[in-house]
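Below: the structure, in structure tokens.
Note: hydrogens, waters and symmetry copies are ignored here, and every other heavy atom, side chains too, is used. Order of listing sets the numbers, starting from 1, for every ligand and every atom in it.
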Amino acid sequence: MLNIVIFGAPGSGKGTQSERIVAKYGVNHISTGDVLRAQIKAGTELGMTAKGYIDQGQLLPDELIIDILAQTLDGFKDSKGVIFDGFPRTIAQAEALKKMLAERGQEVSIMLDLDVPEDELMTRLIKRGQESGRADDNEETIKKRLVVYHSQTSPLIDWYKNDGKYQHINGLGTMEGIFAEIAEAIDKI
Ligand code: AMP
């Protein structure tokens with residue numbers, strides 16, 4: 001089982017690189033952000049709750065997102081493994097993931113930290129907002145998301161270092177070059 005946590009600040013390229021990992025390694029993909037956006041589009045109650053947090057650049061409560069993750073995970077049958085994209089984002093979520101996988105006789109194989117300088121993140125996200133119309137890719141919300149990343153999510157770097165799963169990836173450069181570094185790290189597991 002190849003269980004990969006793809007990690008990084010908003011705009012670090014997690015979604016783009018996840019697609020390539022899925023294509024090469026045949027793992028399932030869970031993007032909690034994509035799940036929530038689909039719920040918003042479908043107009044569900046969960047979607048309405050999620051929208052309030054997403055528009056403010058804030059994280060959803062841990063219990064809610066952990067529940068969504070467990071349900072998605074249980075939906076995968078005959079899986080070769082999973083790429084977790086946008087989850088975990090807090091220490092509580094990382095602990096829940098560890099427990100959830102352990103209950104299934106599995107563990108996180110590697111945590112890939114896509115490291116991109118802050119000015120580049122801002123440039124990429126503003127461009128993505130113009131191209132995709134994603135509501136939270138505007139300057140004000142991006143700034144809030146980066147604050148949340150630094151305060152609530154970046155402590156996971158040390159958490160995964162302590163867990164022996166951490167792998168730094170230089171997130172600057174061509175998509176192909178970044179993917180080559182990712183594939184090299186995965187192939188060494
Ligand atoms: P993303 O597409 O991963 O950038 O996520 C977009 C937004 O969805 C985030 O800014 C949060 O509001 C919410 N979200 C996504 N994943 C999580 C998570 N693991 N925990 C809490 N909130 C999340």
Side-chain angles (χ1 to χ4, degrees), residues 3-22 28-75 82-101 108 111-116 118 120-157 159-160 163 165 169 171:
N3 290 314
I4 302 167
V5 170
I6 191 149
F7 184 84
S12 57
K14 298 187 293 292
T16 308
Q17 294 298 335
S18 290
E19 284 175 19
R20 290 173 179 247
I21 295 171
V22 169
N28 292 109
H29 178 209
I30 303 182
S31 156
T32 42
D34 284 352
V35 171
L36 298 174
R37 281 183 289 274
Q39 294 285 328
I40 293 174
K41 212 169 160 201
T44 64
E45 204 177 319
L46 171 61
M48 284 192 287
T49 305
K51 189 170 167 24
Y53 290 95
I54 293 177
D55 287 352
Q56 291 304 313
Q58 300 300 315
L59 298 182
L60 271 78
D62 286 328
E63 313 79 64
L64 198 60
I65 209 91
I66 289 166
D67 221 44
I68 293 171
L69 193 95
Q71 281 175 30
T72 314
L73 202 57
D74 285 334
V82 176
I83 174 148
F84 298 92
D85 164 7
F87 182 98
R89 262 176 153 101
T90 62
I91 304 259
Q93 292 180 18
E95 283 167 350
L97 178 62
K98 189 168 180 159
K99 189 161 165 259
M100 225 182 287
L101 289 175
V108 165
M111 183 267 219
L112 303 166
D113 176 22
L114 289 175
D115 187 11
V116 175
E118 194 111 348
E120 170 71 11
L121 294 173
M122 188 57 98
T123 311
R124 286 187 193 179
L125 288 168
I126 286 177
K127 186 161 171 266
R128 186 173 75 184
Q130 285 161 353
E131 286 168 0
S132 74
R134 216 177 111 164
D136 56 346
D137 284 340
N138 63 76
E139 196 166 342
E140 195 191 331
T141 314
I142 294 167
K143 281 186 181 150
K144 287 188 194 161
R145 286 156 67 203
L146 289 173
V147 169
V148 167
Y149 170 77
H150 288 299
S151 60
Q152 293 179 259
T153 306
S154 68
L156 286 174
I157 292 176
W159 194 91
Y160 277 106
D163 212 31
K165 308 292 185 194
I169 301 286

Would you mind checking which non-hydrogen protein atom is closest to [atom], with the distance to 0.1 Å?
atom	answer
atom 23 (C) of ligand 1	Ile65 CD1, 3.9 Å
atom 3 (O) of ligand 1	Arg89 NH1, 3.0 Å
atom 22 (N) of ligand 1	Leu60 N, 3.1 Å

Donor-acceptor contact below 3.5 Å, side chain [X] vs main chain [Y]:
X	Y	answer
Lys14	Ala9	yes
Gln93	Arg89	yes
Thr32	Gly86	yes

Which is it for [X] and ligand 1 at heavy atoms under 4.0 Å: side chain, backbone, both or neither?
X	answer
Ile54	both
Lys51	neither
Leu36	side chain

Just which atoms of ligand 1 are under 4.0 Å from any heavy atom in [X]?
X	answer
Arg37	2 (O), 6 (C)
Thr32	15 (C), 16 (N), 17 (C), 19 (N)
Gln58	11 (C), 12 (O)

Query raised in the report: Purely on distance, is any nitrogen or oxygen of Gln93 under 3.5 Å from one on ligand 1?
Result: yes
Query - Contact (N/O only, under 3.5 Å) between Arg134 and ligand 1 - result: yes
Requested in this report: Name the option, out of Gly86, Ala135, Gly57, that contains the heavy atom nearest to atom 19 (N) of ligand 1.
Outcome: Gly86
Query raised in the report: Would Gln152 count as a contact of ligand 1 if the rule is a heavy atom under 4.0 Å away?
Result: no
Query raised in the report: With a 4.0 Å cut-off on heavy atoms, is Gln56 touching ligand 1?
Result: no
Query raised in the report: Above 12 or not: heavy atoms from other molecules or residues under 6.0 Å from NZ of Lys127?
Result: no
Requested in this report: Consider only side-chain N and O atoms of Thr90 and Gln152, and report whether a donor and an acceptor are under 3.5 Å apart.
Outcome: no
Query - Basic-acidic side-chain contact under 4.0 Å: Glu120, Arg124 - result: yes
Report task. Test Arg145 against Asp137 for salt bridge (Lys or Arg N to Asp or Glu O under 4.0 Å), laying out the working first. Result -> CA-CA 10 Å; Arg145 286 156 67 203; Asp137 284 340; 2.9 Å; yes
Query raised in the report: Are Met122 and Lys143 close enough that some pair of their side-chain heavy atoms sits under 4.5 Å apart?
Result: yes
Report task. Report yes if some heavy atom in the side chain of Ile65 is under 4.5 Å from a heavy atom in the side chain of Leu59; otherwise report no. Result -> no
